[in-house]
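Structure first, then comments.
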Amino acid sequence: QLHLEESGGGQVQPGGSLTLTCAASGYFFSHHHIAWFRQAPGEEEREGVSYISEDGITTNYADSVKGRFTISRDTAKMTVTLEMNSLKPEDTGTYYCAEDVAVDPAKWWNRFEYRFWGQGTQVTVSL
């Protein structure tokens, strides 16, 4: 199990950019799949936004963010970043990073694939 801490959230105008960072602490970071989820205000469900495999080779994105968001990982720094560009009001929400060692890449979007979560960081896109 890794301890995860998100940072980088904030308020930005539509069309703006933010970069979120998920900092991990613990052992064997390179064995862990990492994903970003978001929970919109008033919604109970968390939506899978992006995923990166334990080796960094495979990445996946929700259709709603393809072409705008980029996920990457730095094994030496034990971080996963989510670069978000061309932000829209519908991107507003609390963003969480999640991890586990045994994730089916075909189900990366399913929150039940991940046992361990950070506390979240708030992203607000508004004028």
Side-chain angles (χ1 to χ4, degrees):
Q1 175 182 351
L2 299 175
H3 174 74
L4 304 175
E5 185 169 350
E6 304 92 338
S7 63
Q11 183 169 354
V12 65
Q13 294 185 352
S17 299
L18 284 173
T19 297
L20 305 184
T21 299
C22 176
S25 59
Y27 296 101
F28 306 117
F29 175 74
S30 61
H31 292 190
H32 294 251
H33 305 253
I34 308 284
W36 285 95
F37 285 76
R38 67 186 179 191
Q39 187 168 359
E43 295 290 332
E44 292 187 3
E45 291 298 317
R46 294 183 182 182
E47 174 192 18
V49 175
S50 186
Y51 157 90
I52 189 163
S53 59
E54 79 282 18
D55 55 11
I57 293 176
T58 301
T59 59
N60 286 304
Y61 300 91
D63 287 343
S64 59
V65 306
K66 280 180 182 176
R68 300 188 296 122
F69 290 12
T70 303
I71 192 170
S72 61
R73 66 190 293 159
D74 186 323
T75 299
K77 295 181 179 179
M78 295 180 62
T79 58
V80 172
T81 60
L82 184 69
E83 182 179 347
M84 307 187 296
N85 298 310
S86 303
L87 283 162
K88 304 175 181 180
E90 51 264 42
D91 294 317
T92 294
T94 303
Y95 283 68
Y96 300 89
C97 60
E99 64 91 1
D100 214 319
V101 293
V103 173
D104 181 351
K107 299 179 182 177
W108 70 268
W109 44 267
N110 187 338
R111 64 185 181 93
F112 295 108
E113 289 286 312
Y114 307 87
R115 290 176 290 171
F116 309 110
W117 296 76
Q119 293 300 306
T121 186
Q122 178 67 37
V123 171
T124 303
V125 184
S126 65
L127 292 172

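Residues: numbered from 1 along the sequence shown. Both backbone and side-chain heavy atoms feed into the values below; hydrogens, waters and symmetry mates do not.
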Dump the intermediate steps for side chain to side chain contact (heavy atoms under 4.5 Å, CB included) on V65 and S50, then the final yes or no.
CA-CA 8 Å; V65 306; S50 186; 5.5 Å; no
Does E54 form a side chain to side chain contact (heavy atoms under 4.5 Å, CB included) with H32? I'd like the steps, not just the answer.
CA-CA 5 Å; E54 79 282 18; H32 294 251; 5.7 Å; no
Give the C-alpha distance, both sets of side-chain angles, the deciding distance and a yes or no for side chain to side chain donor-acceptor pair (under 3.5 Å) between S72 and T81.
CA-CA 5 Å; S72 61; T81 60; 2.8 Å; yes
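Linking ILVMFWY side-chain heavy atoms closer than 4.5 Å, directly or via other members, places I71 and M78 in a single hydrophobic cluster. With hydrophobic clusters built from ILVMFWY side chains whose heavy atoms lie under 4.5 angstrom apart, Y61 does not share a cluster with Y96. Under the 4.5 Å side-chain heavy-atom criterion for ILVMFWY residues, no single connected hydrophobic cluster contains both Y51 and I34. A continuous path of Ile, Leu, Val, Met, Phe, Trp and Tyr side chains, each step under 4.5 Å between heavy atoms, connects V125 with V49, placing both in one hydrophobic cluster. Linking ILVMFWY side-chain heavy atoms closer than 4.5 Å, directly or via other members, places W109 and I52 in two distinct hydrophobic clusters.
Using a 30° and 60° split on the angle between ring planes, Y114 and W117 fall in the perpendicular class, above 60°.
Residues P14 and L127 come closest through the heavy atom pair CD-CD2, 3.8 Å. When all heavy atoms of T121 and G8 are compared, the pair lying nearest together is OG1-N, 4.2 Å. The nearest pair of heavy atoms linking N85 to S17 is OD1-OG, 2.8 Å. Between R111 and R46 the shortest heavy-atom distance is CD-CB, 4.3 Å. Of all heavy-atom pairs between H33 and A102, the closest is CD2-N, 4.4 Å.
Between the side chain of E99 and the backbone N or O of L2, at least one donor-acceptor pair lies under 3.5 Å. Checked by atom type and distance alone, the side chain of E6 never pairs as donor or acceptor with a backbone atom of L20 at under 3.5 Å. The backbone N or O of S86 lies less than 3.5 Å from a partner atom in the side chain of R68, making a donor-acceptor pair. The main-chain N or O of S53 is found under 3.5 Å from a side-chain atom of R73 such that the two form a donor-acceptor pair. The main-chain N or O of A23 is never found under 3.5 Å from a side-chain atom of T79 such that the two would form a donor-acceptor pair.
The residues K66 and D63 are annotated as salt-bridged, a charged nitrogen and a carboxylate oxygen being separated by less than 4.0 angstrom.
Within a 6.0 Å radius of CD in E90, more than 12 heavy atoms belonging to other residues, nucleotides or ligands are found. Counting non-hydrogen atoms of neighbouring residues, nucleotides and ligands closer than 6.0 angstrom, the CD atom of E5 reaches no more than 12 such neighbours.
Separating the CZ atom in R38 from the CG atom in D91 is a distance of 4.5 Å, to the nearest 0.5 Å. W108 CH2 to F37 CZ: the interatomic distance, rounded to the nearest 0.5 Å, is 7.0 Å. Remark: L4 CG to Q119 CD distance equals 10.0 Å, nearest 0.5 Å.
When the side-chain hydrogen bond (donor to acceptor under 3.5 Å, both in side chains) test is applied to D104, no partner is found at least two apart in sequence or on another chain. Residues forming a salt bridge (charged side-chain N to carboxylate O under 4.0 Å, His left out) with D100 (at least two apart in sequence, or on another chain): R115.
A heavy-atom distance below 4.5 Å is not found between the side chains of M84 and V12.
In this structure, the ring of F69 has its center no less than 6.0 angstrom from the ring center of W36.
One side chain, S126 or Q11, offers a donor N or O that lies under 3.5 Å from an acceptor on the other.
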